[in-house]
Amino acid sequence: MNRAHLDKQPSEVAAMFDRVAARYDVTNDVASLGQARLWRTQVVRAVHAVRGESVLDLAAGTGTSSEPFADLGARVVAGDISEGMLAEGRRRRPDIDFRYADAMDLPFGDDTFDAVTISFGLRNVHDTIRALSEMRRVTKPGGRIVVCEFSTPTFAPFRRVYFEYLMRALPSVARTVSSNPDAYVYLAESIRAWPDQDGLAALMSDAGWARVRYRNLTGGIVALHRAVKPDAAKPDAAARDEDRRSGSAAGAE
């Protein structure tokens, strides 16, 4: 099998990423026309990790997304289902804790992390609600989640051009730099099948996250969703009052 099907069975997704691990970061930079680094910077700012906090970075791949948290002094766990990616990450950054972690069945206890983040990986999970619920389970009450994922461009004429690029140009670009260009055909297909910004916000709310907000990056090619885990120690009325004061009903920032 050269690429995963859109039913996103974990073994198929893992095998696909195993084959592209060595050149994955280079391919992403080229295919995104250099925007991938900007998106990673925005994720780090949104997570706002501080020294001593614990951060779970899922779909971390080779650890490129985890490195900034470690460099800030946070205790970061880089989780992924691709053993090939994890092996490459351990080779590059032996100081980071790389773990096999299926987002639908996380190997961590309840209320473990101050923040959980996943970049460009939630789209590859078989059961989105289950994964979001698992992320909520392992997050401390009052803790936060940041999801960075491909989304739907907001400007209609650009949206048409963008989807043309995805289905035609992206696989061609990938063939020049990737060991498995079929993986990028899957990438294009999975982006087109993914919910838009409001759709993902609704899924996060359904999974029990509160104060769900998002903002668009690069015209909506990517959306950054943020939310918090409700704190059972706060009465429901107080939490609702806090949400109203901060204008944090689900929706765009």
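The first residue of the sequence shown is numbered 1, and numbering continues consecutively from there.
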**Study point:** Cluster link Leu203 to Val228, ILVMFWY, side chain under 4.5 Å
**Key:** no

Ala78 and Ile96 have their tightest heavy-atom pair at CB-CG2, 4.0 Å

Donor-acceptor under 3.5 Å (Arg99 side chain, Val77 main chain) | no

Any sub-3.5 Å donor-acceptor pair from Ser54's side-chain atoms to Thr112's backbone N or O?
-> yes

Can you check whether Trp39 reaches Ile221 side chain to side chain, under 4.5 Å on heavy atoms?
-> yes

Report task. Check whether any side-chain N or O of Thr117 sits under 3.5 Å from a backbone N or O of Val146 as a donor-acceptor pair, and report yes or no. Result -> yes

*Counting distance only, does the side-chain N/O of Arg144 pair as donor-acceptor with the main-chain N or O of His48 below 3.5 Å?*
yes

Can you tell me if His225 uses its side chain to pair, donor with acceptor, with the backbone of Gln197 under 3.5 Å? yes

Value for CE (Met204) from CZ (Arg226), rounded to nearest 0.5 Å, stands at 10.5 Å

In this structure, OH of Tyr214 is separated from CG of Asp198 (nearest 0.5 Å) by 3.5 Å

_Are the side chains of Phe113 and Phe108 in contact, using a 4.5 Å heavy-atom criterion?_
yes

request  = Without swapping roles, check the side chain of Trp209 against the backbone of Leu132 for a donor-acceptor pair under 3.5 Å.
outcome  = yes

Query raised in the report: Has the side chain of Asn216 got a donor or acceptor atom that lies under 3.5 Å from a matching backbone atom of Gly219?
Result: no

Correct closest heavy-atom pair for Arg75 and Gly52 would be NH1-O, 2.6 Å

So CZ of Arg45 and CG of Leu224: to nearest 0.5 Å the spacing works out to 11.5 Å

Between Pro230 and Gly208, the two heavy atoms sitting closest are CD-O, 3.3 Å

request  = State whether the side chain of Arg137 and the backbone N or O of Leu106 hold a donor-acceptor pair below 3.5 Å, judged by distance alone.
outcome  = yes

Note: Ala101 and Gly79 closest approach over all heavy atoms is CB-CA, 4.0 Å

| query | Glu149 side chain to Arg123 main-chain N or O, any donor-acceptor pair under 3.5 Å? | reply | yes

_Given 3.5 Å as the limit, does a donor-acceptor pair link the side chain of Arg130 with the main chain of Met104, or not?_
yes

- Task: Could you tell me whether the side chain of Asp206 reaches within less than 4.5 Å of the side chain of Ile129, counting heavy atoms only?
- Result: yes

Residues passing the side chain to side chain contact (heavy atoms under 4.5 Å, CB included) test with Leu72, sequence neighbours excluded, are Val44

To the nearest 0.5 Å, atom CD1 of Ile118 lies from atom CD1 of Ile145 at 8.0 Å

Here the salt bridge (charged side-chain N to carboxylate O under 4.0 Å, His left out) pairs for residues 57-66, sequence neighbours left out, are none

CD of Glu134 to CZ of Arg136, rounded to nearest 0.5 Å, is 9.5 Å

_Evaluation steps, side chain to side chain donor-acceptor pair (under 3.5 Å), between Glu88 and Thr62_ = CA-CA 6 Å; Glu88 182 69 16; Thr62 61; over 6 Å; no

Closest heavy-atom pair, Tyr100 versus Ile81, reported as atoms and distance to 0.1 Å, is CE1-O, 3.3 Å

Review point. Do Lys229 and Asp111 meet the salt-bridge criterion of a basic N to acidic O distance under 4.0 Å?
Key: yes

Rounded to the nearest 0.5 angstrom, the CZ-CZ distance for Phe155 and Arg160 is 8.5 Å

request  = Determine the interplanar angle of the Phe150 and Phe120 rings, folded into 0 to 90°, and report it as parallel if under 30°, tilted if 30 to 60°, perpendicular if over 60°.
outcome  = tilted

